[in-house]
Protein chains: 2
Amino acid sequence: MTRAPAETQGEALTARQQAVLDAVLSLMVEKGSGLTMTAVARRASCSKETLYKWFGDRDGLLTATVQWQASKVRAGNFDRQTLDAGALRESLKRFAANWLEVISSPTSIALNRIGVSQAAARDGNLGSIVLANGRFAIGKRMMPVLEAGREAGLLDFDDTETTFRTFFGLVGRDIQIRLLLGDPLTLGKAEIARDAERATDQFLTLYGTAANDPGRTNNA
Amino acid sequence: MTRAPAETQGEALTARQQAVLDAVLSLMVEKGSGLTMTAVARRASCSKETLYKWFGDRDGLLTATVQWQASKVRAGNFDRQTLDAGALRESLKRFAANWLEVISSPTSIALNRIGVSQAAARDGNLGSIVLANGRFAIGKRMMPVLEAGREAGLLDFDDTETTFRTFFGLVGRDIQIRLLLGDPLTLGKAEIARDAERATDQFLTLYGTAANDPGRTNNA
DNA sequence: CCTGAACCGTAACGTACGGTACGGACTTTC
DNA sequence: GAAAGTCCGTACCGTACGTTACGGTTCAGG
C-alpha cells in the first residue's frame, strides 16, 4: 500500500483547491476556532461562491481540510525484515518520536481542537475523522511492528491492541491534553528524542523478553 | 463593572446560583458547545438579566461553572501513615480508578471540550482553568503519594513530576482523546477497576523496588 | 470578435446569539 | 402598607457569520 488517495469522495483535488485547503490550515493555526468563510476566502484569494461550489458548506470545507492534512502526514511503514533487538528498539523510538512531533505540531493541535469542538456539537463527523487519521492511524501502523517483535521472540504480550495502548500512553502521557487546553508547553527536537527513548525503554521493560536486551538484569 | 467576584473556588455561591450552574452543567452535557445564554436562562428558570448580574458575561458563567464542578470533585487525600507495599498499591489503584472515572464521566468530557474550544479561540482562560482543576489537580494530589513511597523505600525514582507523568500515561492511555473526539467508548466499573490494576502493576514494575514486592525478581 | 464558463470581489440577506431594557410579581424592611 | 430590592419573563438591539446573489474579469473555443 504505497500510495492511497484515501479521499472517501475520491474527488481529485486540483492544485488550486489544495492551495485553498492550505489556506484553511494556516488560518486554523492562527485564528483557531474563529474561522470564518470570509476569512478563508480572503486568505485564499478566492470568492466565497467558489468555496461553496467546491466544498458544499462550511462543514464540507472543514472535512476536506482534515482529510487533506491527513493525506500529507502518511508516514512510511517499516520493513519487517531483519528485526533484531536493536532494529525493534529503533522502530519503536522512531514511532514514538514521530507521534510526539505530530501531536505537538501547531497544525495537529488546531485540527484536534476543531475535531473536539465539532464532536461536542451534533453528530461528531469531524471528530471521528480526526480520530481515524490520528490515534487509529498510528495504531494501525504500529501494531504490525509489535507483532513482528513478538514473532521474533523479542516481545511478550497477549493482546496487541492493549499493548499498543500502553505504548501510546507511555509516549503521549499528558502532552496532548495539555496542548489542547492551551498549556504553553513546547517540545524541542532534543526533548522529543529523549521522551521517545524513555518511553521505548519503559515499554521494553514491561514487554521485552530476555532475548530482547541481554544486558539487562530485569526480565519480566 | 461594579461587580467582579471572580471567586477562586466555589465559595459564596447561593443555593440558587449553584442550581443555575448545575443547569449549565446539564446543558453542557446535553447540548455540547451549542450552549446559549437563553437556553441556560430557560433551563434554570431565571432571567438572562440575572445571569449577567451574577456572572458578568458568558465567559464568567462558564468559568464559574468549571470551578463549581471542580469544587464538587475534590477527592480526599490519602493518609501518609502506615505506608507499606500493600497500602501504596492500594493508593495508586484508587487514584487511577478515580481518575478514570473522572475523565470518562459525561460532565468531564463536556467541560474539557468547552475548555479546548475556548483555548482554540482567544486567550485560553477557560482552558487553563480546566487544566488546573484536571491534570494539575490530580498531579498535586498524587505526587505526595509517590514521594511517600520513595521515602518508605518502596519506589525508586529521581524526578517526581516525570514519574507522575508516566503513571498518568499508563492510566489514561488513549482514553481521554478518544472520548473528547467522540469515540463511543464506554468504561464500566469493571473495566475501570481492571485498567487501574493493570496501570498500577505496570507502574510498580517500572518504579517499584525489591522491597515493594518481594515476590518479584525484577528490580529497576 | 463573440460566447460562455470559471472565478474573483463584494454587497446583501437571514438568522442566531450575546447583551440590555422594561414591566410585573414576590419578598423584605421600616 | 408603601418603598425598596430581587428576580422572572420577554421584547429588543447590534453584530457576526453562514449563505446567496450579482456584476466584472479572464480565458478557451469557434
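Just so it is clear: chains get the letters A, B, ... in the order the sequence lines come, proteins before strands, and each one is counted from 1.
Closest of all the heavy-atom pairs between B/Arg58 and B/Leu35 is NH2-O, 2.8 Å.
A donor-acceptor contact under 3.5 Å is not formed by the side chain of B/Lys53 with the base of D/dT6. Side-chain atoms of B/Glu49 and base atoms of C/dC22 include a donor and an acceptor less than 3.5 Å apart.
Checking D/dT10, C/dA11, C/dG9 against every side-chain atom of A/Lys48, the shortest atom distance belongs to C/dA11. Of the candidates C/dG18, C/dC7, D/dT19, the closest approach to any side-chain atom of A/Trp54 belongs to C/dC7. Ranking C/dC7, D/dG18, D/dC8 by closeness to the B/Thr50 side chain, first place goes to D/dC8.
At a threshold of 4.0 angstrom between heavy atoms, the contacts of B/Leu61 with the nucleic acid are absent.
One atom, CZ of B/Phe55, and another, C1' of C/dT20, lie 18 Å apart when rounded to the nearest Å. Regarding A/Arg42, its CZ atom lies at a distance of 11 Å from the C1' atom of C/dT10, rounded to whole Å. Taking atom CZ of residue B/Arg43 and atom C1' of nucleotide D/dC8, one finds them 18 Å apart after rounding to whole Å. Computed from coordinates, the B/Leu35 CG to C/dG19 C1' distance equals 15 Å when rounded to whole Å. The nearest whole Å value for the distance from the CD atom in B/Gln17 to the C1' atom in D/dT6 is 12 Å. At whole-Å resolution of the value, CG in A/Leu51 and C1' in C/dG9 are 12 Å apart. The nearest whole Å value for the distance from the CZ atom in B/Arg16 to the P atom in D/dG5 is 21 Å. Atom C1' of nucleotide C/dG18 and atom OH of B/Tyr52 are separated by 4 Å, given to the nearest angstrom.
Residues A/Glu197 and A/Arg89 are not paired through a salt bridge, judged by the lack of any N-O separation under 4.0 Å between the basic side chain and the carboxylate. In this structure, A/Asp195 does not pair ionically with A/Lys93, as no charged nitrogen and carboxylate oxygen lie closer than 4.0 Å.
Geometrically, B/Arg135 engages B/Phe168 in a cation-pi contact, judged by NZ or CZ lying under 6.0 Å from the ring centre and within 45° of the ring axis.
Contact check for B/Asn98 versus B/Arg94: no side-chain heavy atoms found under the 4.5 Å cut-off.
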